[in-house]
K.L.:
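Got a structure for you, written out below as structure tokens; questions coming shortly.
First listed ligand is number 1; within each ligand, the first listed atom is number 1.
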Amino acid sequence: MTTEGRIRLNRLPEWAALGKHREQLGATHLRELFAADPERGTGYTLRVGDLHLDYSKQLVTDETLELLRELAAATGVAELRDAMFRGEKINTTEDRAVLHTALRAPRDAVIEVDGENVVPKVHAVLDKMAGFADTVRSGAWTGHTGRPIKNIVNIGIGGSDLGPAMAYEVLRAYTRRDLTFRFVSNVDGADLHEAVRDLDPAETLFIVASKTFTTIETVTNATSARDWLLTGLGAGQEAVAKHFVALSTNAEKVQDFGIDTANMFEFWDWVGGRYSYDSAIGLSLMIAIGPDHFREMLDGFHLVDEHFRTAAAEENAPLLLGLLGVWYGGFFDAQSHAVLPYSHYLSKFTAYLQQLDMESNGKSVDRQGEPVDWQTGPVVWGTPGTNGQHAYYQLIHQGTKVIPADFIGFARPVADLLPGLVAQHDLLMANFFAQTQALAFGKTPEEVRAEGVPEELVPHKTFQGNHPTTTILADALTPSVLGQLVALYEHKVFVQGAIWNIDSFDQWGVELGKVLAKKIEPVLTGDASAEGLDSSTAALVSAYRALRGRS
Ligand SMILES: O=P(O)(O)OC[C@H]1O[C@H](O)[C@H](O)[C@@H](O)[C@@H]1O
């Protein structure tokens, strides 16, 4: 791309119009917006698939939404979306197509990259995964000593870990309880140690997940896992074939590691790591929940893909969520975005979204390489709701920061909970509804006084309110609903990157640390000198060496 067609976001008239509108809105309170429109609670809602979205507690009016949609039109969001779905190389810095949507396209769809329809390849891999998953689940896949596999250990990091690990937790109610699943990512040997210490190597399968198959953490852990296995079995390299499979785009490196490419499940360079758990990277999940549930999840993704691609701007849920983030970052100086699930099963969901959102939109140059002078991606954070209530919600309610938040909850517990525990669901959801109510409407000093609170405590017990939230409510956390939720956030991130004019699909920011770590490791072991290191790092390295008795 040249700088010619470059969009300077904050010089657009649509941006200026939003700025003016923000000034007019001033300190307008959600209490006023609700008082002015008795229908707001039902009117400011959207439905996509099984997801009911309530954005009535957002600091927006009809005019705000209209102006935001005009901004989306002026920045070409729909055009870029269509280019993505068509398989154009919109990841310009890596010259790659961005086609995670093809991973969940139906069998008869046609999506071309460089003139080749990729859909048959996607389904061929899905079918191969299903065949393998069934073989493991039935006990027909046996290890080197002939015993069936009982333990599955996924070794991967970033997108090759967070997606399957998150989805495994989310869909726990659908998983096989007679199989053990572990996810190892950290190069800290403690991670692998804790994952395998109680496992029998004869019954353990390692799934090495790495798009590039060069990621140092994963290759190191996979090598250590192979040593553990072969030592435990008292076997040679020939045992690897029955205990190691690979998920990768790099057949050559997989072979170099000693894994038969027959046991490799492929994906492609047009699948970004953080968009990959519905590709071969989801193999551990598929073994856990079974191919049918995995397909249901893909259908959920596809449903939201189609919604994003075809729904009118006024009805388009990912567009709306993306625009709300642009609004708060651009005009309220919000620095972060909280995602607060009221489901224990979603305990890893926000960690997953951190990579999705922050690796995608944590950029400070635009697609043409020029510095941006507007806010880009927020800090994404959050943990399951009720736990957060007793920890950091204080700051959301009464602190000085603007923290837009998404609340995600479900009408029914999905698992067959122990008798008696089902009743707890209403209490969980009462908290869910109460929190967004408290955040929006707060408690005025008059209301506090009316309770007889001594005057000196009134400011402390006052809740300013006016904290914006979106509520996402669904019937139950099924595989399809999980797919819908993830696709919703994927496309939200897309919308924001499009408006901010950044490449949401590269991640150059992770490279420097990797390069420096490679240089520092030999200094730690004594194979290289500390010469050339800055004085802080040199002193720290020297302290480390002394502590390890290596001075
Ligand atoms: O799947 P891999 O090639 O091993 O990559 C694993 C992860 O590491 C990289 O450094 C990137 O930051 C991530 O986007 C990626 O998901």
Side-chain angles (χ1 to χ4, degrees), residues 90-91 93-100 103 125 129 153-168 183-188 191-192 206-226 244-257 259 261 264-285 348-349 351-364 376-377 380 486 489-490 493-494 497 502-519 521:
I90 63 163
N91 175 359
T93 72
E94 295 181 328
D95 193 28
R96 285 176 181 168
V98 174
L99 269 182
H100 40 278
L103 298 171
V125 173
M129 288 164 67
V153 182
N154 187 82
I155 298 179
I157 199 164
S160 300
D161 166 70
L162 288 163
M166 174 276 290
Y168 172 74
F183 296 85
V184 173
S185 54
N186 201 325
V187 76
D188 182 342
D191 198 359
L192 182 61
F206 290 98
I207 298 181
V208 187
S210 176
K211 179 177 169 179
T212 56
F213 231 78
T214 56
T215 305
I216 191 84
E217 291 87 344
T218 300
V219 174
T220 305
N221 275 327
T223 307
S224 301
R226 187 176 56 192
F244 273 82
V245 300
L247 320 174
S248 189
T249 60
N250 192 339
E252 208 181 309
K253 292 276 176 203
V254 167
Q255 219 157 10
D256 289 351
F257 183 84
I259 298 177
T261 43
M264 170 179 156
F265 299 82
E266 190 194 3
F267 61 113
W268 307 274
D269 74 354
W270 40 263
V271 181
R274 53 196 174 272
Y275 298 87
S276 69
Y277 96 82
D278 46 352
S279 71
I281 291 294
L283 183 64
S284 54
L285 175 69
K348 292 189 175 167
F349 190 62
Y352 170 78
L353 291 185
Q354 283 180 327
Q355 187 197 13
L356 174 64
D357 201 323
M358 294 164 78
E359 200 170 68
S360 296
N361 285 343
K363 312 284 162 67
S364 53
T376 59
V380 176
V486 174
Y489 280 98
E490 285 178 347
V493 167
F494 174 91
I502 54 180
D503 187 334
S504 298
F505 302 101
D506 61 14
Q507 57 285 314
W508 301 106
V510 300
E511 294 305 321
L512 180 60
K514 292 185 193 174
V515 173
L516 295 183
K518 257 193 197 154
K519 284 191 185 155
E521 198 198 356

K.L.:
Can you classify the ring geometry of His100 versus Tyr275 as parallel (below 30°), tilted (30 to 60°) or perpendicular (above 60°)?
P.N.:
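Rings of His100 and Tyr275: parallel, under 30°.
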K.L.:
Numbering the atoms of ligand 1 from 1, which are under 4.0 Å from a heavy atom of Thr215?
P.N.:
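What qualifies from ligand 1 is 2 (P), 3 (O), 4 (O), 5 (O).
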K.L.:
Might you work through the side-chain contact (heavy atoms from CB on, under 4.5 Å) test for Asp269 and Thr249, ending with a clear yes or no?
P.N.:
CA-CA 7 Å; Asp269 74 354; Thr249 60; 5.6 Å; no
K.L.:
Considering only non-hydrogen protein atoms, determine which one is nearest to atom 9 (C) of ligand 1 and report residue, atom name and distance to 0.1 Å.
P.N.:
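So the nearest neighbour among protein heavy atoms is Lys514 NZ, 3.7 Å.
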K.L.:
Is Ser210 in polar range of ligand 1, meaning some N or O pair under 3.5 Å apart?
P.N.:
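There is such a contact, yes.
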K.L.:
Note the single closest protein heavy atom to atom 14 (O) of ligand 1, along with its residue, its atom name and the distance in Å.
P.N.:
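For atom 14 (O) of ligand 1, the nearest protein heavy atom is Glu359 OE1, 2.6 Å.
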K.L.:
Using a 4.0 Å heavy-atom threshold (strictly under), name the region of Val510 that reaches ligand 1: side chain, backbone, both or neither.
P.N.:
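For Val510, only side-chain atoms sit under 4.0 Å from ligand 1.
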K.L.:
Out of curiosity, is Gln355 lining ligand 1, as in a heavy atom under 4.0 Å away?
P.N.:
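True for this residue.
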K.L.:
Looking at Lys514 and Ile216, would you say the former's side chain and the latter's main chain have a donor-acceptor pair under 3.5 Å?
P.N.:
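Looks like no, no N/O pair under 3.5 Å.
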K.L.:
Is any side-chain heavy atom of Phe267 closer than 4.5 Å to one of Val125?
P.N.:
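Of all side-chain heavy-atom pairs linking Phe267 with Val125, none is under 4.5 Å.
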K.L.:
In the protein, which heavy atom is nearest to atom 7 (C) of ligand 1, and how far is it?
P.N.:
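For atom 7 (C) of ligand 1, the nearest protein heavy atom comes out as Ile157 O, 3.7 Å.
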K.L.:
Short question: side chain of Asn221, backbone of Asn186 - any donor-acceptor pair under 3.5 Å?
P.N.:
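Here the side-chain-to-backbone pair exists.
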K.L.:
At a 4.0 Å threshold, what atoms of ligand 1 neighbour a non-hydrogen atom of Ser160?
P.N.:
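So the atoms of ligand 1 that pass are 1 (O), 2 (P).
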K.L.:
My question is simple, although I want it checked carefully: is atom 12 (O) of ligand 1 less than 4.0 angstrom from any protein heavy atom?
P.N.:
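It does: a protein heavy atom is found less than 4.0 Å away from atom 12 (O) of ligand 1.
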K.L.:
Any chance the rings of Tyr489 and Tyr352 have centres within less than 6.0 Å?
P.N.:
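No: the rings miss the under 6.0 Å criterion.
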K.L.:
Tell me, which protein residue and heavy-atom name are nearest atom 3 (O) of ligand 1, and how many Å apart are they?
P.N.:
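Going by distance alone, atom 3 (O) of ligand 1 is nearest to Thr212 OG1, 2.7 Å.
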K.L.:
Output the distance between atom CG (Asn361) and atom OG1 (Thr376), rounded to the nearest 0.5 Å.
P.N.:
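The OG1 atom of Thr376 is 7.0 Å from CG of Asn361, to the nearest 0.5 Å.
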K.L.:
Give me the nearest non-hydrogen protein atom to atom 16 (O) of ligand 1 as residue plus atom name, then the distance to 0.1 Å.
P.N.:
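Result: Gly159 N, 2.8 Å.
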K.L.:
Is the count of non-hydrogen atoms from other residues, nucleotides or ligands lying under 6.0 Å from Glu252 atom CD greater than 12?
P.N.:
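No, CD of Glu252 has 12 or fewer neighbouring heavy atoms, counting only those of other groups under 6.0 Å.
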